[in-house]
Amino acid sequence: MPRSSLPPAQTLTPDVARSWLVSHLGLASTRLPSGAKGARALLKALRCIQLDPLDVIGTNADLVTLARVDGLARGDVYRHLMPGHAFEHWAKERCLLPASAFPYYRERMWETPWWRLGTRLDRLPPRVLEAVLEEVAARGPISAAELTDHGAVEPLDWSGWKGTGKATSMALEVLWTRCQVVICGRGPGGKRYDVPHRALPEVAREPVTGGPDTFARWALLERVEAAGLLSRAAGPHWSILSDVRTTELPDSLVREGLLEEVMLPGSPRRYLAPAGFRERPLTAPDERMRILGPLDPLLWDRGLVKLAFGFEYAWEVYKPADQRRWGWYVCPLLHRGELVGRLEARVEEDVLRVDTLWREKGVKLDDAALDEALARHAKSCGVTRVRRPRARVG
């Protein structure tokens, strides 16, 4: 069906787009309960929280929750969500997802294109998969190191980055992708695995009804809610749904009235938004400054961040040092609904040490709000002191 049959895309001003994104993504105020209840409510509201193993001042999952929920410490997001309330799988790359999403994944067994499940299956003897699944069922929750060693296997190679060479660990990766086992927590020995009926008892066997496109329809609607505004252009914000992007499904959901198309001035790009999003109540930004994780959903689409906030964002963690404009692990600062600066910090003994602090051109950082944000973050990291320099223009 031609695009001319779609309802016309509405144009949002940057101010409207910015207000919608900040409010919708839970960054306008701390309206959620504190502690464990807040962490669980947040995951349901955000649909997914992107994971990354780097832990400099907290992992990305820590930073996403700490920016929105009070009464949490570094690492609490995992302790409060697993087991029972969340599982890990592919969404916007590897993510924490609410337990309610598990039946959809169990039916589809979705993977990101670069994961190469087929290659893993070619390299693993079927008996190893069976043995590992039986042992997890008998002994879980359990870490990979605690399972029987089934010898070596040829590791996957991604442009020089090597995957696991252990057959047991590769078997866990396959079983995890297939939703035959789930990650149910993290401990000193790393990820802990269990079978779904123990780790997610309320949803493990819940049926999913619908046709062959049930997962894609559900997942696209969830991704639009998770992003707030989802660019129709290719990019990492599509991740496992990259193939869905070029099908008729996005247009079909617009025609059905389940999604809307919008545009922003200065860009030919079209964005998908939840149906009726402009009628949803917006929360006005409070006075709190927030330290954002580098993979916060507000930052998923750099082009949108530039259009709506006038803020140039790049995560430079994988760039050589001499090619970085700002730094290695740099976190943007959100204040009163604007991105006002960024910082690079680390936890060192009993100090949260800010190595570099940048303010946006034309912005005077609110020192009191910044000091309060750093003090809150230091407390969440279990340290008592903060050291920071004067801000320089970014």
Side-chain angles (χ1 to χ4, degrees), residues 17-32 38-39 42-43 45-52 54-70 72 74 77 92-93 95-96 226-229 236-237 283 285-306 308-317 325-347 352 354-360 363 365-366 369-378 380-381 388 391 394:
R18 189 167 58 246
S19 296
W20 157 249
L21 290 169
V22 170
S23 177
H24 177 66
L25 297 176
L27 288 165
S29 69
T30 52
R31 60 177 185 251
L32 295 172
L42 177 66
L43 181 58
L46 292 183
R47 270 63 176 189
C48 63
I49 296 175
Q50 190 169 349
L51 296 169
D52 185 82
L54 294 175
D55 188 351
V56 182
I57 56 171
T59 65
N60 184 70
D62 285 319
L63 293 164
V64 168
T65 51
L66 291 170
R68 296 163 169 86
V69 179
D70 285 337
L72 295 175
R74 187 181 188 180
V77 61
K92 199 281 184 179
E93 298 305 327
C95 289
L96 285 169
L229 296 174
H237 46 279
T283 301
D286 60 20
E287 293 298 309
R288 177 176 290 194
M289 186 176 291
R290 289 168 171 83
I291 301 169
L292 301 186
L295 300 172
D296 192 283
L298 188 73
L299 306 171
W300 282 355
D301 185 338
R302 297 172 189 172
L304 178 58
V305 171
K306 178 65 175 175
F309 292 87
F311 187 85
E312 290 187 25
Y313 179 64
W315 195 36
E316 302 177 297
V317 70
R325 176 176 174 183
W326 290 287
W328 178 60
Y329 200 89
V330 174
C331 297
L333 299 171
L334 180 76
H335 191 215
R336 299 183 185 126
E338 302 277 357
L339 290 166
V340 297
R342 61 197 95 200
L343 59 79
E344 185 170 33
R346 55 197 161 96
V347 175
L352 174 62
V354 178
D355 293 316
T356 315
L357 176 64
W358 298 266
R359 63 173 175 83
E360 285 296 279
V363 171
L365 278 180
D366 186 321
L370 175 60
D371 288 339
E372 288 173 7
L374 291 171
R376 283 194 308 272
H377 198 79
S380 73
C381 290
R388 73 167 178 92

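Worth knowing before you read on, the calculation uses all heavy atoms, side chains too, and leaves out hydrogens, waters and symmetry mates.
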Peer 1: Any salt bridge (Lys or Arg N to Asp or Glu O under 4.0 Å) pairs touching residues 287-301, not counting sequence neighbours?
Peer 2: Arg68-Asp296, Asp70-Arg288, Asp286-Arg290, Glu287-Arg336
Peer 1: Met289 versus Leu365: any side-chain heavy-atom pair under 4.5 Å?
Peer 2: yes
Peer 1: How far apart are the closest heavy atoms of Cys331 and Ile291, and which atoms are they?
Peer 2: CB-CG2, 3.8 Å
Peer 1: In Å, rounded to the nearest 0.5 Å, how long is the span from CZ of Arg74 to CG of Asp55?
Peer 2: 4.0 Å
Peer 1: Can you find a pair of side-chain heavy atoms, one from Leu72 and one from Val77, that are under 4.5 Å apart?
Peer 2: no
Peer 1: Is it the case that the side chain of Glu344 and the backbone of Trp326 share a donor-acceptor pair, with hydrogens and angles ignored and the cut-off at 3.5 Å?
Peer 2: no
Peer 1: If you measure from SG on Cys381 to CG on Leu66, what distance do you get to the nearest 0.5 Å?
Peer 2: 7.5 Å
Peer 1: Quick check against the 3.5 Å criterion: does Trp300 have a side-chain atom that pairs as donor or acceptor with the backbone of Ala227?
Peer 2: no
Peer 1: Salt bridge between Arg342 and Glu360, side-chain N to carboxylate O under 4.0 Å?
Peer 2: yes
Peer 1: Report yes if some heavy atom in the side chain of Val305 is under 4.5 Å from a heavy atom in the side chain of Leu298; otherwise report no.
Peer 2: no
Peer 1: Look up atom CD in Gln50 and atom CD in Glu93, then write down how far apart they are to the nearest 0.5 Å.
Peer 2: 6.5 Å
Peer 1: Testing Ile49, Val56, Ile57 one by one against Leu63 for a side-chain contact (heavy atoms from CB on, under 4.5 Å), which residue passes?
Peer 2: Ile57
Peer 1: Is the backbone of Ala45 close enough, under 3.5 Å, to the side chain of Arg47 for a donor and an acceptor to pair up by distance?
Peer 2: yes
Peer 1: For Asp52 and Leu54, which heavy atoms make the closest approach, and how far apart are they?
Peer 2: OD2-N, 3.0 Å
Peer 1: Could you measure the distance from the CZ atom of Arg376 to the CG atom of Leu352? Nearest 0.5 Å is fine.
Peer 2: 12.0 Å
Peer 1: Rounded to the nearest 0.5 Å, what separates atom NZ in Lys306 from atom CG in Leu339?
Peer 2: 11.5 Å
Peer 1: Has the side chain of Glu316 got a donor or acceptor atom that lies under 3.5 Å from a matching backbone atom of Arg325?
Peer 2: yes
Peer 1: Which heavy atom in Tyr313 sits nearest to a heavy atom in Pro294, and how many Å separate them?
Peer 2: OH-O, 2.7 Å
Peer 1: Provide the closest heavy-atom pair for Leu299 versus Pro332 in the form atom of the first, atom of the second, distance.
Peer 2: CD1-CG, 3.7 Å
Peer 1: Which heavy atom in Thr59 sits nearest to a heavy atom in Tyr329, and how many Å separate them?
Peer 2: C-OH, 4.2 Å
Peer 1: Kindly write out the residues that satisfy side chain to side chain contact (heavy atoms under 4.5 Å, CB included) with Val354, not counting sequence neighbours, or none if the list is empty.
Peer 2: Leu343, Ala345, Leu357, Leu374, Arg388, Pro389
Peer 1: Please report the closest heavy-atom contact between Pro297 and Ala226, naming both atoms and the distance.
Peer 2: CB-O, 3.8 Å
Peer 1: Examine distances only and state if a side-chain atom of Ser23 and a backbone atom of Thr283 form a donor-acceptor pair shorter than 3.5 Å.
Peer 2: yes
Peer 1: Evaluate the side-chain contact (heavy atoms from CB on, under 4.5 Å) criterion for residues Leu27 and Leu292: first the C-alpha distance (whole Å), next the side-chain angles of each, then the deciding distance (0.1 Å), finally the verdict.
Peer 2: CA-CA 10 Å; Leu27 288 165; Leu292 301 186; 3.8 Å; yes
Peer 1: To the closest 0.5 Å, what do you measure between CG (Asp366) and CG (Leu333)?
Peer 2: 11.5 Å
